[in-house]
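The structure appears below as structure tokens.
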Number of protein chains: 2
Amino acid sequence: MREAARRAGVSHNAPYRHFADREALLATLAAQGFEMLGQAMRGQTGRGMGEAYVRFALQYPQRFRLMFGGQIRLEKYPRLRAAAASAFDQLQAAFSAYGGDVRSAAAAAWSLVHGLCHLILDGHFAQRDEDFVKRVLAVVRFAVGPQRSL
Amino acid sequence: MREAARRAGVSHNAPYRHFADREALLATLAAQGFEMLGQAMRGQTGRGMGEAYVRFALQYPQRFRLMFGGQIRLEKYPRLRAAAASAFDQLQAAFSAYGGDVRSAAAAAWSLVHGLCHLILDGHFAQRDEDFVKRVLAVVRFAVGPQRSL
DNA sequence: GTGGTATGTTGACATCGTCTACATTAGAGG
DNA sequence: CCTCTAATGTAGACGATGTCAACATACCAC
């Protein structure tokens, strides 16, 4: 909080006129992040959405960590939960054209790109260039229908 | 640090006799977590390893967050990096029997289960029971060979 | 002009991670 | 047994932080 005030050039307590507490400030920043993420995925389809997701995480790593670092309790900030759900809905919509267990397929796709972001940011992979991301994403198939494949 | 000392029933500075600083303490706990994770996956194969991974995360959520929360810089703790790599190696070994881009396939599998853990822990999914996990993992196929499928 | 609301400031408090200095304990070597 | 040393613990302090209460200022509606 004090650091935020410092950067804004105001006294150390000014932020409390705009945010209830530290967590509320962070929740606002996280919600903004989810809107940015949704914006980044807008218009993309299929694998392009996944790549946009990863690109966002690599471009704004701190923001991504804030959004998904588990430091902010979703239950406490309905606006935050809504922003996150809105982003996820875009991903799920990309799967709705296919039959089968759409919800599970979308969850799997989200998990895949999400985990990839985390592991790259944590430095668990030797490579982190866009080619590596494309190659990893290219490896998976989603069996949405009884026989279908995406 | 002070809380740790409190729980151990010693003075607030005693922990500094055993750990250089807060980050070193957390790094030790994280490394221990990676060993636990490796233990949990030992003996499992294929999807069973993924399920074990998720089970571990759901059983020890705080530990999992510590291990992958990005608060500890891997570069600074070689032992930690080694413990993490060792766990990942198990996963990768499960793919080595198949041809194709083994490294990418293993990375994708790790990303999938890892992202699933994070999203479940963050409360982004309505369900979090073992059935849901099984269903999500069942949806994906890994195209390891030119024509092969796992 | 007056009252109220939004915004900012000052000062204080408890807590935290960390440093320095000092005390205690335990074991090894004479 | 005595002494020296290393390991371990303690006390006190410092700066930084999140937060609260009290007070000040600016602006807008009536």
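Order of the sequence lines fixes the chain letters, A, B, ..., with proteins taken first and strands second; residue numbering starts at 1 for each chain. In what follows, every heavy atom counts, from backbone to side chain, and hydrogens, waters and symmetry copies are set aside.
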Checklist entry - In Å, rounded to the nearest 0.5 Å, how long is the span from CD1 of B:I72 to CZ of B:R22? => result 9.0 Å
Item to check | Bend angle of the helix from C:dG1-D:dC30 to C:dG30-D:dC1, end axes from five pairs each (to 10°) | outcome: 10°
Item to check | Gap separating the CD atom of A:E51 from the CG atom of A:L116, nearest 0.5 angstrom | outcome: 10.5 Å
Next on the checklist: So B:Q92 and B:R103, do their side chains get closer than 4.5 Å, heavy atoms only?
Outcome noted: yes
Item to check | Selection residues 75-87 of chain A - residue pairs positive for side-chain hydrogen bond (donor to acceptor under 3.5 Å, both in side chains), sequence neighbours left out | outcome: A:E23-A:K76
Checklist entry - What is the per-nucleotide protein-contact pattern of nucleotides 11-19 of chain C, from the 5' end, where B denotes a base atom under 4.0 Å from a protein heavy atom, S denotes such proximity for sugar-phosphate atoms only, and - denotes neither? => result BB---BBBB
Checklist entry - Where does the chain B footprint on DNA chain D start and end, counting 5' to 3' with a 4.0 Å heavy-atom cut-off? => result D:dT8 to D:dA13
Checklist outcome for this item: Residues at least two apart in sequence or cross-chain that pass ring pair (Phe, Tyr, Trp, His ring centres under 6.0 Å) with A:F56, listed by chain then number, are A:Y60
Checklist entry - What is the minimum heavy-atom distance between A:L66 and A:L29, and which atoms define it? => result CD2-CB, 3.6 Å
Next on the checklist: Given 3.5 Å as the limit, does a donor-acceptor pair link the side chain of B:R141 with the main chain of A:A143, or not?
Outcome noted: no
Checklist entry - Roughly how many Å is it from CZ in A:R17 to P in C:dT5, rounded to a whole number? => result 14 Å
Next on the checklist: Any non-hydrogen side-chain atom of B:E130 less than 4.5 Å from a side-chain atom of B:K134?
Outcome noted: yes
Item to check | Test ring pair (Phe, Tyr, Trp, His ring centres under 6.0 Å) applied to A:F132 - qualifying residues, sequence neighbours left out | outcome: A:F125
Checklist entry - Would the B:F68 and A:H118 ring centres measure less than 6.0 Å apart? => result no
